[in-house]
Undergrad: 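For reference, the structure I am asking about is given below.
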Amino acid sequence: MQSYLNDQITTVLAGMGGTPPGFELEFQQPGNPDHGDLACNVAMQLARHFRKSPRQIAEDIKAGLEALPLDASKIESVEVAGPGFLNFKISSSHLFDALQVILDAENAYGRTQSGEGKSALVEFVSANPTGPLTVGHGRNAVLGDTIARMLEWTGYDVQREYYFNDAGRQMRVLGESVRARYMAFQDPAIPMKMIGDEGDQVSVPEPFPEDGYLGEYIADIAGELFNSGEKVDLADVDRFKRAAEEKIFAEIGATLERMGINMDSYFNERSLYDSGQIWAIIDRFKALDLAYDKEGAVWLRTTAFGKEQDTVLVKSTGEPTYRLPDIGYHIDKLDRGYSKIVDVFGADHIATFPDVVEGVRALGHDADRIEVVIYQFVTLVRSGAPVKMSTRKATYVTLDELMDEVGEDVTRFFFLMRSPNTHLEFDLDLAKEASDTNPVFYLQYAHARIQSILRKAAEIDMEVVSDADLSLLVHETETGLIKTLMALPEQIERAAELREPHRLANFLREVAVAFTQFYGNCRIIGEPIGIASARLRLATATALVLKNGLAVLGISAPDRM
RNA sequence: GCGCUCGUAGCUCAGCUGGAUAGAGUGUUGGAUUCCGGUUCCAAAGGUCGGAGGUUCGAAUCCUCUCGAGCGCACCA
């Protein structure tokens with residue numbers, strides 16, 4: 001529709017003397033229904049160019065459009081309003097066509113082709129396997145997966161990747177933590193010590209590292225290893241580390257799967273060392289005079305990228321900092337040929353990723369394909385008060401616990417319903433409420449109610465006839481609902497483009513509201529067969545839009561609740 | 001001190017590429033229901049869009065300054 005009008009107006013403008021170079025028409029959907037279905041502000045924009053009043057230009061364009069003339073099956077009327085807006089009213093026959101398109105497309109309605117032939121790699125979660133996923137990881141996981149889903153719906157070939165490092169200090173401490181717990185199983189009389197912050201201490205075996213992991217799962221892993229009967233050499237920290245890694249990864253995988261998330265690949269940071277890629281990068285930086293040796297370390301000249309200070313690439317111990325493998329990893333991803341590389345990071349990475357991107361660019365790679373989605377932190381709220389969370393203490397809430405408490409659908413929706421760059425307040429009381437105050441239930445309820453109507457219609461043999469006369473849908477809540485339903489593809493497209501799933505969540509609420517208005521004004525069952533059939537078709541289309549939209553968000557659309 | 005993000009109704013937040021009278025939910029107050037699912041619907045009250053300048057035909061939106069909040073500024077990741 002928009003492209004049709006775009007062509008027509010461009011034709012008219014050409015007859016009026018043309019537009020400035022690079023000029024593009026803009027359309028918008030007016031909030032006020034009196035302003036039609038589609039508005040164009042071209043007259044105001046070109047007032048200076050034509051040296052005429054915006055209203056006059058708008059009138060000229062209108063006259064030009066009517067002389068063409070416009071296709072009456074698409075556009076019913078054109079009006080000039082306000083300071084010079086051109087307001088278009090979509091003709092009802094076009095609405096009925098659009099409704100038929102939805103019904104024909106069924107589960108594919110909402111898919112578009114803009115990403116056809118393109119590929120994207122979305123990297124997310126990427127938590128090192130030191131413990132169960134927490135609520136903090138949840139936002140990352142759901143955001144990443146939903147961005148991946150949105151890209152898929154716009155035609156992209158998408159790969160989901162999990163990046164991790166099992167070789168660092170964190171993991172060594174993890175192994176030592178397990179070993180200490182293991183020793184307590186071997187010798188229950190082992191001396192214990194208190195560890196942790198003042199007033200929040202935990203009793204641990206004497207050999208436990210000061211900054212060890214305090215969660216109960218550590219003892220579980222140690223216990224399993226002990227009970228397995230395997231003879232473990234206490235000096236072999238790596239064995240304990242491996243045991244922990246396996247168990248924790250299995251749990252993370254299960255948690256993700258429960259959320260409807262399936263990773264396509266896991267990328268181990270260590271492979272970058274094994275292949276030697278890392279060291280080659282240093283040589284390349286040095287050749288460009290972007291890296292140098294100082295005080296036994298290798299420094300990256302980040303001042304050349306506008307930073308205040310240079311940063312360390314390789315510590316004097318010979319161990320690289322995270323930047324070096326990160327640069328290597330991104331080069332690897334670029335080399336794999338994806339058209340888009342999306343990273344999902346928490347706000348704590350906000351200052352560091354530019355170093356990586358600039359480093360990659362400096363080495364001559366196409367860093368423009370890399371895109372970073374940053375999200376702010378999550379605060380859990382219970383009974384009106386924030387829930388304190390700390391990974392070290394036993395106070396953090398795991399994703400599984402959260403899902404146990406509020407369910408998978410609610411968990412996903414709550415993480416998605418706010419813009420990524422605002423702090424998210426996750427209200428547990430609201431999330432648990434199965435009522436109208438909970439936005440997920442409102443959407444799912446609308447879907448379930450439609451299914452109920454369809455069931456009821458089938459019971460009384462009022463089958464949906466596929467050739468129902470849709471032109472009987474003339475009530476303003478009916479046409480209003482159709483107009484809302486029509487917007488799904490562009491809404492998904494827009495949300496995908498901006499990597500902002502919350503837009504889609506908000507849109508689905510609008511769909512549910514539009515349906516409720518229709519439902520409140522137009523009965524289906526009990527009406528004459530013609531109108532009833534047409535309305536059943538409309539209800540069916542609404543259910544499709546809700547179901548497909550929720551599917552993009554990874555949320556179920558139950559038939560009964 | 002420097003960088004990034006945010007500041008919109010009592011609360012939680014939308015607000016698209018600048019566009020017409022700034023919107024939802026929740027809460028408050030009042031109302032509706034023999035009816036396809038009341039897990040519903042309708043209405044009212046509630047705003048200096050943190051503040052000040054600027055750009056523009058037009059600014060919650062863009063720019064500058066300023067105040068406030070969060071996060072980050074390691075030879076941690």
Side-chain angles (χ1 to χ4, degrees), chain A residues 24 26-32 34-35 39 41 43-45 47-48 53-54 81-85 87 126-128 165 168-170 269 294-299 306-309 311-323 325-326 346-354 374-377 379 381 384 417-425 427 430 433-439 441-442 444-446 448-457 460 462 490-491 494-495 497-498 500 502-503 505-506 509-510 513 516-517 519-527 532 535-536 539 560-561:
Chain A
E24 276 187 41
E26 292 174 12
F27 293 91
Q28 58 200 283
Q29 278 145 30
N32 185 339
D34 293 343
H35 296 148
N41 61 354
M44 275 108 80
Q45 291 181 302
R48 181 165 291 182
S53 81
F85 285 102
N87 291 338
S126 295
N128 285 342
N165 173 22
R169 203 190 64 91
Q170 278 182 19
E269 180 181 320
K294 192 178 97 182
E295 295 160 6
V298 182
W299 295 71
K307 284 271 169 142
E308 284 201 325
Q309 295 170 352
T311 49
V312 171
L313 272 184
V314 183
K315 298 185 248 179
S316 50
T317 59
E319 242 180 314
T321 64
Y322 78 96
R323 273 171 239 266
D326 251 24
D348 51 342
H349 286 72
I350 214 160
T352 60
F353 77 83
I374 295 278
Y375 62 92
Q376 301 292 321
F377 290 130
T379 312
V381 175
M417 68 187 204
R418 302 300 183 208
S419 158
N421 52 19
T422 62
H423 293 263
L424 177 66
E425 193 159 303
D427 188 330
L430 176 59
E433 205 164 334
S435 76
D436 58 332
T437 55
N438 186 325
F441 282 91
Y442 186 77
Q444 294 185 324
Y445 179 75
R449 181 194 252 169
I450 293 169
Q451 294 305 330
S452 167
I453 295 170
L454 294 174
R455 279 193 299 271
K456 188 142 192 165
I460 59 170
M462 203 182 76
E490 69 196 55
Q491 291 285 339
R494 183 86 187 141
E497 213 172 283
L498 296 169
E500 290 183 349
H502 74 282
R503 287 171 189 278
N506 289 334
R509 164 159 258 287
E510 282 176 37
V513 168
T516 315
Q517 279 165 355
Y519 175 83
N521 283 282
C522 305
R523 286 192 59 80
I524 298 173
I525 291 169
E527 293 292 308
R535 284 174 179 168
L536 271 180
R560 289 189 169 82
M561 293 177 69

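In this text, all values refer to a predicted model and were calculated from it rather than measured experimentally. In what follows, chains carry the letters A, B, and so on, assigned in the order in which the sequence lines appear, proteins first and then strands, with residues in each chain numbered from 1.
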Undergrad: Mind checking what makes side chain to side chain contact (heavy atoms under 4.5 Å, CB included) contact with A/H502, not counting sequence neighbours?
TA: A/S419, A/P420, A/E500, A/N506
Undergrad: Who does B/rA60 pair with, Watson-Crick or G-U, both distances under 3.5 Å?
TA: none
Undergrad: Counting any heavy atom closer than 4.0 Å, what does A/S53 reach on the DNA or RNA strands: base, sugar-phosphate only, or nothing?
TA: nothing
Undergrad: How do A/F27 and A/R560 order along RNA chain B: which one's closest nucleotide is nearer the 5' end?
TA: A/F27
Undergrad: Is the distance from OP1 or OP2 of B/rC41 to the nearest side-chain N or O of A/Y442 less than 4.0 Å?
TA: yes
Undergrad: Determine the minimum heavy-atom distance between A/K294 and A/W299, stating which atoms define it.
TA: O-NE1, 3.2 Å
Undergrad: Using a heavy-atom cut-off of under 4.0 Å over every strand shown, decide if A/A539 touches base, sugar-phosphate, or nothing.
TA: nothing
Undergrad: Tell me whether A/F85 and B/rA20 count as stacked here, given that the ring centres must be under 5.5 Å apart and the planes must differ by less than 30 degrees.
TA: yes
Undergrad: With a 3.5 Å cut-off and heavy atoms only, can you find an N or O donor on one side and an acceptor on the other between the side chain of A/N41 and the base of B/rA20?
TA: no
Undergrad: Taking only residues two or more places apart in sequence or in another chain, which ones pass side chain to side chain contact (heavy atoms under 4.5 Å, CB included) with A/S53?
TA: A/R55, A/Q56
Undergrad: Minimum heavy-atom separation for A/R418 to A/L424, with atom names?
TA: CG-CD1, 3.3 Å
Undergrad: List the protein contact pattern of nucleotides 72-77 of chain B with one symbol per nucleotide (5' to 3'): B for base contact, S for sugar-phosphate-only contact, - for none; contact means a heavy-atom distance under 4.0 Å.
TA: S--BSB
Undergrad: Test of understanding: with side chain to side chain contact (heavy atoms under 4.5 Å, CB included), list the residues that count as partners of A/P54, not counting sequence neighbours.
TA: A/M44, A/A47
Undergrad: A/R503 side chain N/O closer than 4.0 Å to the phosphate oxygens (OP1, OP2) of B/rG15?
TA: yes
Undergrad: Remember a base hit wins even if backbone is also touched, and classify A/N87 as base, sugar-phosphate or nothing at under 4.0 Å, heavy atoms.
TA: base
Undergrad: Please determine, for the side chain of A/Y445, which listed nucleotide (B/rC36, B/rU40, B/rA14) has the closest atom?
TA: B/rU40
Undergrad: Please list, chain by chain and in numerical order, all residues satisfying ring pair (Phe, Tyr, Trp, His ring centres under 6.0 Å) with A/H349, sequence neighbours excluded.
TA: A/F345
Undergrad: With a 4.0 Å limit, can you tell me whether A/T422 has a side-chain N or O closer than that to the phosphate oxygens OP1/OP2 of B/rG70?
TA: no
Undergrad: Please identify each residue that fulfils side chain to side chain contact (heavy atoms under 4.5 Å, CB included) with A/A127, with sequence neighbours left out.
TA: A/V125, A/L133, A/H137, A/Y162
